[in-house]
Amino acid sequence: MSETTTQVKTCDCFHCGLPVQKPGEFAAQIQSVSHQFCCHGCMMACQTIYAAGLQSFYNKTPEGELLAPPPETANDFQAYDIDEIQADYVDQLDDKRTIFLLIEGIHCAACVWLIEHALYKLPGVLAVDVNLTAKRCRLRWDNRETSLSILMQHLARLGYAAVPFDPETAEGALAKRHRGLLYRMAFAGFAMMNLMWVSIALYSGAAEDEFRELFHWVGFFIATPTLLYSGYPFFRNAIIGLRSRYLTMDLPIAIGATATFLYSTYITVTGSLDGEVFFDTVVNFIFVILIGRYLEALSKRNALSATRRMLELQPKLATVIDAGIQQTKPIRSVKVGDLVLVRPGENIPVDGVVTEGESAVDESMLTGESQPVRKQRDDTVVAGSINGEGAFVVRAQQVLRHTALAKIIALMDEAQTSKAPIQTLADRIVPWFVVITLTLATLTFMFWVGSDFEKALLAAASVLVVTCPCAFGMATPMSIAVASGVGASNGILIKQGEALEFLSRVTHYVFDKTGTLTEGRLKLVECQAVEGSTAQSLLQIAASAEQQSEHGIAKAIISAAQEKALELLEISAFHASPGRGVEAEIAGSKILVGTAEWIRSHQVEMNSEWQSKVNQLEQRGISCVFVVKDQQLIGVLGLFDTLRADAKSMITAMLAQGLKVTVLSGDRQQVVNSVTAELGNIQRMAEVLPGDKRQFIQQLQQQGDCVAMVGDGINDSPALIQADVGIALASGTDVSIESADIVLSHNQLSQVALARQLAARTLRTIHQNIVLSISYNVIMVPLAMMALVSPLLAAITMPISSLLVIGNAARISRIFKR
């Protein structure tokens, strides 16, 4: 109903157009005119629409279609504002939150338009993306400006019932759709078998005697329910597409089936002897197309089995110990701080710390470690790993979507639904397929109709059925979905599909040194104090000053102090300079712990004796950290780190492939040269600050290089963001992982090369799939236009192209089986 057609009967609801049972009970002034409504929900929805200035919603409602009355909505919206409840559905409980809502009542593109525009007008709403097919809304809002309950109430006033999206519910809906497809396919198969006997009778001579019309009517009564029930999805999608002014691929199938059926019905009703009926053709190709779609659904599930295996790692139940009593609870009921008993052979349900007992745990799915890892008191465990023969108790630290396993699955989902730049080509081309298909079918019919109407009809139907953009449309997303799934199973977490495309084009790899090329396990090997002081006193002061720092050097110094059972002193006025050092006050004295250049910037001088000692240490690859007290140098700490075992082989392979390699480090040049000496002819940049790393990568990009940055620390975050592809080791900080496009969860440097192989294989597969899909249409469409392909053969070959694309995409996983 549009705003321009407000002259409706008084017994029609002004909002939905349905009859008003009790005139006068629900009435409201809309733009100074009194209107009748069928219920309170319609009245409130209409008032809200006009108050928001969105009355053009009615213009976007498909002509002739009545709006459904608003569904009943819950009244306990405020419950979803409780952080403990909301934590099960949002990405993280910070100021800006993201949630997926399942929305009941969406039925057309006008609803999508209304929801998106109405929510965007509310304060605090940052992003709204409604999926009409899935009836799902991705909503991002600022929790400081508005609450989730207010947004859900606003949707309710518009006439839409929204609830937070639950993956288990979605999985159930998917299974229901698969069952529905199977039922329709079975019905069509049963009809096809019965029609086969009718066809055999007609082809055997019954078409020449008095039983001809009887067999025609039998075929009609079998084909009609088959077309209406088994063919319903094609007609529904075609009509929805037309209403939305979008031509779907189901439209040609619906037209082909309808035209063939109507012609056969005409011959049957008129009893004409000049034509044949093709009820068997209609039923046969509907059955075959349904088989193809069912096989596609199965193939997709198999190709994406990595995601399903990850989901299966998360237990649905957990044994919680409360006041000494063991209770089996749903995993959603487990809270942070709960004690969870893990029995032998069970999957660990939460991330946490072992408080009692010990066992060997299989973490291979998450860390790549093939051998079980021994876990005892105070060791950490992660959800999804499998307990061995022992039993232990875990204190939950992270549950549900906050566990490491859930974050991996979330990354997989995000990657599988993202679009690579190459996919935009397919998105632009696919809509034109239907127009081209309809044009070619019309030309085919016009060419043959002059000589043989039936031949023209079947040839046109064959063109409508055989032309298929499905394979072309799946070429990119299917390949990316498989690559992200199998990549995650092997420790390569791809956060965006476009990262694969960029990674395949990388010409220059830039590595952070500490924690990336090296083991990242810095160890204190030297502790030289000035005369009159002791090494223990020096270490105690340095560790105390570093106790609030997250840097790897700080952790190594504190660990060394703890090994010597040194008590950390109380500090104040702590301040950290990233990549340089820290300063703090201890008992009124100002302490500096950092690099040589940094302490010089604080007007602290180093005599020649100390300079000589430092040079000797750096030539051995030992990084020096200087400790200053009240502007006086009181000692030097030497830390050593070794290259990762796989660093040399990986760098050698990259150089052999003609790739450029650069090492960036905040260490002194002598230390960098010494540690990376065995890596060969690579570029080495020393004493680089975090901001300088970003500028260096920017310079490489300006020179025409496609750059991948590999790092693990907070200092690497600006560079990871600036690079064309940012790769972070999962052993690094959360900040670096958030900044990266690809995360290596197994913490193996060799995975950098493997990720490049995966990217190259994925892009090659995408190109192969595009060629496959185009080749299929180039070959089959001309044959169909020449009337050399029957509608049944067209229906058989159409899904084959999609199955070939799916099967070829599934081959990507073989890269990990070498």
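Quick note: numbers below take in every heavy atom, side chains included, and nothing from hydrogens, waters or symmetry partners.
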Item to check | Over all atoms of both residues, closest heavy-atom pair of Thr437 and Val463 | outcome: CG2-O, 3.9 Å
Next on the checklist: In the structure I gave you, are the side-chain heavy atoms of Trp448 and Leu458 within less than 4.5 Å of one another anywhere?
Outcome noted: no
Checklist outcome for this item: Heavy-atom closest pair (Leu503 atom, Ala755 atom, distance to 0.1 Å) is CD2-O, 3.4 Å
Next on the checklist: Nearest 0.5 angstrom please: Arg764 CZ to Ile812 CD1, how far?
Outcome noted: 9.5 Å
Item to check | Student check: side-chain heavy atoms of Val752 and Ile742 closer than 4.5 Å | outcome: no
Checklist entry - Below 4.5 Å, heavy atoms only, C-beta onward: do Leu659 and Arg756 meet side chain to side chain? => result yes
Checklist entry - Could you give the distance from CG (Leu457) to OG1 (Thr444), rounded to the nearest 0.5 Å? => result 12.0 Å
Next on the checklist: Within the structure provided, determine whether Leu139 and Thr98 are in side-chain contact (heavy-atom separation under 4.5 Å).
Outcome noted: no
Next on the checklist: Name the residue from Asn777, Val778, Leu772 that meets the side-chain contact (heavy atoms from CB on, under 4.5 Å) definition with Ile774.
Outcome noted: Val778
Checklist entry - Do Leu744 and Ile492 have side chains that get closer than 4.5 Å, going by heavy atoms? => result yes
Next on the checklist: Within this structure, what is the NE2-CE distance for the pair His508 and Met654, rounded to the nearest 0.5 Å?
Outcome noted: 11.0 Å
Checklist entry - Side chains of Ile222 and Phe279: does their closest heavy-atom pair fall under 4.5 Å? => result no
Checklist entry - Would a distance-only check, ignoring hydrogens and angles, find a side-chain to backbone donor-acceptor pair under 3.5 Å from Asp452 to Glu454? => result yes
Next on the checklist: If I take atom CZ from residue Phe220 and atom CZ from residue Phe261, how far apart are they, to the nearest 0.5 angstrom?
Outcome noted: 4.5 Å
Next on the checklist: Looking at every non-hydrogen atom in both residues, tell me the closest pair between Ser230 and Pro233 and how far apart they are.
Outcome noted: O-CD, 3.4 Å
Checklist outcome for this item: So CG of Leu440 and CZ of Phe445: to nearest 0.5 Å the spacing works out to 15.5 Å
Next on the checklist: Has Ser462 got a side-chain atom pairing as donor or acceptor with Ala784's backbone, closer than 3.5 angstrom?
Outcome noted: no
Item to check | Heavy atoms from other residues, nucleotides or ligands near CZ of Phe447 exceed 12 (cutoff 6.0 Å) | outcome: no
Checklist entry - Can you list the residues that meet the salt bridge (Lys or Arg N to Asp or Glu O under 4.0 Å) rule with Arg811, with sequence neighbours excluded? => result none
Next on the checklist: Is any side-chain heavy atom of Trp217 closer than 4.5 Å to one of Val269?
Outcome noted: yes
Next on the checklist: To the nearest 0.5 Å, what is the distance between CZ on Phe235 and CD1 on Ile255?
Outcome noted: 10.0 Å
Checklist entry - So, for Ala191 and Thr226, which heavy atoms are closest and what is the spacing to 0.1 Å? => result CB-OG1, 3.1 Å
Checklist entry - Would one find more than 12 heavy atoms of other residues, nucleotides or ligands at under 6.0 Å from atom CZ of Phe190? => result no
Item to check | Close side-chain approach of Leu804 and Asn808, heavy atoms under 4.5 Å | outcome: no
Checklist entry - Side chain of Asp724, backbone of Ala708: donor and acceptor closer than 3.5 Å? => result no
Next on the checklist: If I compare all heavy atoms of Leu763 with all of Ser504, which pair ends up nearest, and what's the gap?
Outcome noted: CG-OG, 3.6 Å
Item to check | Smallest separation among heavy atoms of Val283 and Ala188, with atom names | outcome: CG1-O, 3.7 Å
Item to check | Quiz item: cation-pi between Arg184 and Tyr232, 6.0 Å / 45° | outcome: no
